[in-house]
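All residue numbers in this chain count up from 1 along the given sequence. Note that this is a predicted model, so its numbers are computed, not measured. Order of appearance sets the numbers: ligands from 1, and atoms from 1 within every ligand.
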Amino acid sequence: MADSRPPTSRRGNGVTDTKQDVPFEGLSIAGERYEASDGAVREIHDPSTNTVIARVARATTDDVNRAVRAAYERFAAGEWRRASARRRGEVLGNVAALIRTNQERLAQLESRNAGKPIAAARSEIGSVATTFAFYAGAVDKVHGQTIPGAADGTVMTFREPLGVCGAIVPWNFPMLILSWKVAPALAMGNSVVVKPAELTPLTALAMADLAIEAGLPEGVLNVIPGSGSTAGHSLVRHPLVRKISFTGSTGVGTRVMQAAAEDITRVSLELGGKSASIVFADADLDTCVESSVSAVYDNAGQDCCARSRVLVERSIHDEFVRRFAQRAEQLRLGRTDDEATEFGPLISPGRRETVEGYVDLGKEEGATLVTGGQRPNGDLGDGNYLTPAVFTDVRSDMRLVREEVFGPVVGIQPFDSEDEAVALANDSIYGLSGSLWTRDVGRALRVARAVETGMLSVNSSNSVHIEAPFGGMKQSGIGREQGMVALDHYSEYKTVFIADT
Ligand code: NAD
C-alpha cells in the first residue's frame, strides 16, 4: 500500500535518551532511524533483573507500509537483485565478517535483552556469522537449467527473487533466527522487512546497521519492531509482500497462514515442538544424561527443539531419573553476565507464570515432581528465574505431556518395547526434532525412519547444522530453513522457451 505521509522525525540510533537514561532505538527504514508515526515506544527489559535497558519505537501500520514501500522501491530499482551473484556473495561475506568483528558487543546485547548466559550468547552470534558466511558461499551455486525435450527450440529455467519478503521472528533466538531468514532471502536478491519479537528487537536493529556498513543498498533490509497484532499482521496483509517467513507458536502460525491466504502470499512456518528423546537400555548413559539435560534446559527450556519428553526403556528408567535429576539440580543458575552461568532467567514475568502454571497442572494431573519448579531466592530474586523441573509418572494424555510448555520442564516416561517407544514419540501434534540413544545401528536406522520429526539426532541432541534443512513435520511447520533448500523458499522458477529461428 503506498504511503503518502512524510516520514516522522528521524531519531533513534542507540543514542542515550538523557531524560530516560537508557538508549532510544528507532525503526530502521531505508537506512534511517525513525520514531513511530504515533510516537509510541516500548520499554525493553533485562530478564535477569527486570530493569529497563532500552526504549524502542513501536511500528504502526503506517510505519509498516513505509518500510514495505521502501523495500519495494529498492527491489524495483534493481541494483541488489540484478547485482552479480558474486557481488551479492561479497556483501553477505562482509556481513559475516562484521558480525565476527562485533561479536562481543552483539553477544552482550543479546545476553542482556534475551536473558541468555553470556557464553551461550557468544556462541549464537558466532552461528549468525556462520549463517551469513554459508549463504555468501551459496549464492553463486544456485542456477537454472536447460531442459531437453523440445525439438524446435530450447527450454530453460531462470531462478528469480520474489520481491519483498517479510520475516517475523520470535524472542528465543532473536538474531540467529533472523539470520536463517534474512541471509537466504538476500542471497537470492530479495528485499526484506523484519518484524522482530516485541521483547527482543535490539540485535535486529544492530543487524540493520551492520548490513549497510557491509555494502547492502539502503532499503534492501528494514527492521520494524512492533506488536504482532499491528506490525506483524500489517506486514502479512501488505499486498506488496510476496512471502512471509514466520517463526513462532503454532497458534499464531495458523493466523499468519490464514491472513496470508487472502493474497496468496507464500508462507514458510517454523512453529512449536514437543520433541521426544528415546533412550534405550544400551545407551551410553553418562553422555546421554549430560546431553539430555542440556537438550531440555538450555535457553531455560525456551527452545522449539527442546527434548521435553524423555522416553526411557523401563530397565534403566529409575537410574536415568536419578542421574538426570541430580544433574538438573547441579545446573548453575546465575546472572547472565557471569561466565560460569549455565542456566538463565525466563524471558518475562508472564512467561514464568505460564510455566509455573504448567508445574501446578502437572501435579494436579497426577505426575510426580521430582525436583525444581521453584523461584530461587537471594541475589536472583529480581529476575524471572525458575529452577529446572523434572516430572515422572507422566502419561501421554496429560496436558503437561501434550502441550508445549516452553520452559524448563521435562516429563520422563518408561517404555517396554521399540514399537511402544515409537508410538509414544509420535503421539503428538508436533514433529519438530528428537533424539535417539542406542549403540545398535540397525535399531537406530529403524527408529529414525519411523519417527515423525523433521530432524532426529542419534546419540546427540544437536538439531542445527547450517548446511542441512531445519524444520518440522505435522503442526511444527511448513518448509525448511537452512541449507541450500532454504533458497528455494526465496525464489521462483521461471520457465523460458526460445524457439529455434
Ligand atoms: P509468538 O507466536 O507469540 O510470536 C512470534 C512472532 O510473531 C513475534 O514476532 C510476534 O510479535 C509475531 N506475531 C504475533 N501475532 C502475530 C500476528 N497476528 N500476525 C503476525 N505476527 C504476529 O511466539 P514467541 O512466543 O515469540 O516464540 C515462541 C514460539 O516460537 C514457541 O512456540 C516456539 O516453539 C516457536 N519457535 C519455533 C522455532 C522453529 O524453528 N520451529 C524456533 C523458535 C521458536
Taking Pro161's backbone N and O only, do any of them form a donor-acceptor pair with Asn190's side chain (distance below 3.5 Å, no angle check)? no
Consider every N or O of Trp171 and every N or O of ligand 1, then say whether any pair is closer than 3.5 Å. yes
For atom 11 (O) of ligand 1, which candidate among Glu270, Lys195, His233 holds the nearest heavy atom? Lys195
I want to know if ligand 1 touches Leu271 in the polar sense, i.e. an N/O pair below 3.5 angstrom. yes
Should the proximity of Thr247 to ligand 1, defined as any heavy atom under 4.0 Å, be assigned to the side chain, the backbone, both, or neither? both
Element-labelled atoms of ligand 1 that are located less than 4.0 Å from some non-hydrogen atom of Val256: 19 (N), 20 (C)
Under 4.0 Å from atom 4 (O) of ligand 1, do we find at least one protein heavy atom? no
Is there at least one pair of N or O atoms, one from Trp180 and one from ligand 1, spaced under 3.5 Å apart? no
If I apply the N/O under 3.5 Å rule, does Ser249 come out as touching ligand 1? yes
Can you confirm whether the side chains of Ser433 and Ser463 place a donor and an acceptor under 3.5 Å from each other? yes
Donor-acceptor pair, Arg309 side chain versus Ala425 backbone, under 3.5 Å? yes
Taking Arg395's backbone N and O only, do any of them form a donor-acceptor pair with Gln413's side chain (distance below 3.5 Å, no angle check)? no
Sub-6.0 Å ring centroid separation between Phe470 and Trp180: yes
Nearest neighbour in protein (non-hydrogen) for atom 7 (O) of ligand 1: Phe246 CE1, 3.2 Å
Where is the nearest protein heavy atom to atom 18 (N) of ligand 1: which residue, which atom, and how far? Gly228 O, 3.9 Å
Taking the side chain from Glu481 and the backbone from Glu270, do they hold a donor-acceptor pair closer than 3.5 Å? no
Under 3.5 Å, side chain of Arg266 to main-chain N/O of Lys243, donor-acceptor pair present? no
For a quick check under 3.5 Å, do Ser191 and Arg74 share a side-chain donor-acceptor pair by atom type? no
Got an N/O contact under 3.5 Å between Thr250 and ligand 1? no
The answer for which part of Ala231 has a heavy atom under 4.0 Å from ligand 1 is neither
From the candidates Gly232, Ser433, Gly472, the one that places a heavy atom nearest atom 21 (N) of ligand 1: Gly232
Ligand 1 N/O within reach of Glu404 N/O, cut-off under 3.5 Å: yes
Quick one: do the Tyr34 and Ser28 side chains pair a donor with an acceptor below 3.5 Å? no
